[in-house]
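When a ligand or atom number is given, it counts from 1 through the structure's own listing order. On a predicted model such as this, the values are computed, not experimentally measured, just so you know. If you read the sequence from its start, that first residue is 1, and numbering goes on from there. Values reported hereafter were calculated over all heavy atoms of this structure, with side chains retained and with hydrogens, waters and symmetry mates removed.
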Amino acid sequence: SVCSSKLALSQVHPMWQEPLAVPGGDRQSPVDIVVRESIFDPQLRPLKVQYDPRTCQQIWNNGYSFLVEYDDTTDKSTLKGGPLEDQFRLCQFHFHWGENNTWGSEHSIDRRLYPAELHLVHWNSDKYSLFEESVIEENGLAVIAVFLKVGKRHEGLQKLVDALPAVRHKDSVVEFTKFDPACLLPENINDYWTYAGSLTTPPLTEAVTWIVMKQHIEVSHDQLAVFRSLLFTSAEEQLQRSMVNNFRVQQALKGRTVRSSFT
Ligand SMILES: CCCSc1c(F)c(F)c(S(=O)(=O)NC)c(F)c1F
Ligand SMILES: [Zn+2]
């Protein structure tokens, strides 16, 4: 699928070589969400998520995270409603996580970090014909963020966990089909915060409408340990480095309002 276009990602530098200056960046991500400063917006509608597991294609280790990629050439897996005016197509989902269970998420709620964070990346197929175009447009992307907490084993996630050893090294790809990403959403998807932000990986473009779920999902310690068994490095490289702490440092809100869909 085009959504994790090799070209766009080829400019990717390891996130931890911060700061990658974004000239005049005034809507950068991630941020800390201060609950008491968020504004309830009664005009925020329920989210409409329609995912078709048959559009699931492959898992790719891009040296950053592992991306589960979907066929985004038709409107089969879509997101609309909530803060969104247009219809968005699912192109991939991936995670950010830490070296231990103390930190790993990109966003935080009143400074509380989670051990990992899921990102479901969608692009505006009403306004653009290609993912690449949408990445550089201010209303181009919509990302649903879901926090992961360590607890009971997530049965739906296990199929994905079992496939990860096949993509241990950077640039490895494995076929992965019939996975319904809806199983990774919390029961309640109508309680969320939303704000205007950016990608948290280069090109760091300010194209993202963020939708951060209030309710987290639970995964087991062992499932998260398999995430940490992935490598940033390709099979050829001398020095292998564990894929952990693949989150960006938090950015200033710079006057932005974070709205909530709930009181
Ligand atoms: C040119 C990007 C290729 S796809 C992609 C990605 F791989 C990624 F990691 C993030 S993120 O910023 O890290 N999380 C929302 C994105 F937003 C993406 F769109
Ligand atoms: Zn992400």
List the atom pairs, donor and acceptor, that lie under 3.5 Å between side-chain atoms in residues 184-192 and the rest of the protein, sequence neighbours left out.
residue : atom : partner : partner atom : Å
E187    : OE1  : Q215    : NE2          : 3.4
N188    : OD1  : N190    : N            : 2.7
N188    : OD1  : D191    : N            : 3.3
N188    : ND2  : D191    : OD2          : 3.0
N190    : OD1  : L47     : N            : 3.4
Y192    : OH   : R45     : O            : 3.0

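Side chains of Q50 and T78: a donor-acceptor N/O pair is absent below 3.5 angstrom, by distance only. Side-chain atoms of H119 and E117 include a donor-acceptor pair closer than 3.5 Å.
Ring centroids of F66 and W97 are separated by less than 6.0 Å, placing the two rings close together. Aromatic ring centres of W193 and F262: separated by under 6.0 Å. Aromatic ring centres of Y70 and Y51: separated by at least 6.0 Å.
In the vicinity of H96, heavy-atom distances shorter than 4.0 Å reach the ligand 1 atoms 13 (O), 14 (N). Ligand 1 places these atoms under 4.0 Å from at least one heavy atom of W210: 15 (C). Within ligand 1, counting atoms from 1 as listed, the ones closer than 4.0 Å to a heavy atom of L67 are 7 (F). The ligand atoms of ligand 1 that sit less than 4.0 angstrom from a heavy atom of V121 are 19 (F). Against a heavy-atom cut-off of under 4.0 Å, Q92 is close to the following atoms of ligand 1: 4 (S), 5 (C), 6 (C), 7 (F), 18 (C).
Looking only at protein N/O/S atoms, the ones less than 2.8 Å from the Zn ion (ligand 2) make 3 in total.
The heavy atom nearest to atom 17 (F) of ligand 1, out of those in L141, L199, T201, is found in L199. Remark: among candidates H94, E117, H122, E132, the nearest residue to atom 14 (N) of ligand 1 is H94, based on non-hydrogen atoms.
Under the 4.0 Å criterion applied to side-chain N and carboxylate O atoms, D72 and R89 are not assigned as salt-bridge partners. Ion pairing between a basic and an acidic side chain is recognised when a charged N comes within 4.0 Å of a carboxylate O; K76 and D52 show no such pairing.
Looking at ligand 1, you'll find an N or O of H119 within less than 3.5 Å of one of its N or O atoms.
Below 30°, between 30° and 60°, or above 60°: for H96 and H94 the angle between ring planes is above 60°, a perpendicular geometry.
When non-hydrogen atoms are compared, ligand 1 lies under 4.0 Å from neither the backbone nor the side chain of Y64.
A cation-pi geometry, defined here as NZ or CZ lying under 6.0 Å from the six-membered ring centre and within 45° of its normal, holds between K159 and F176.
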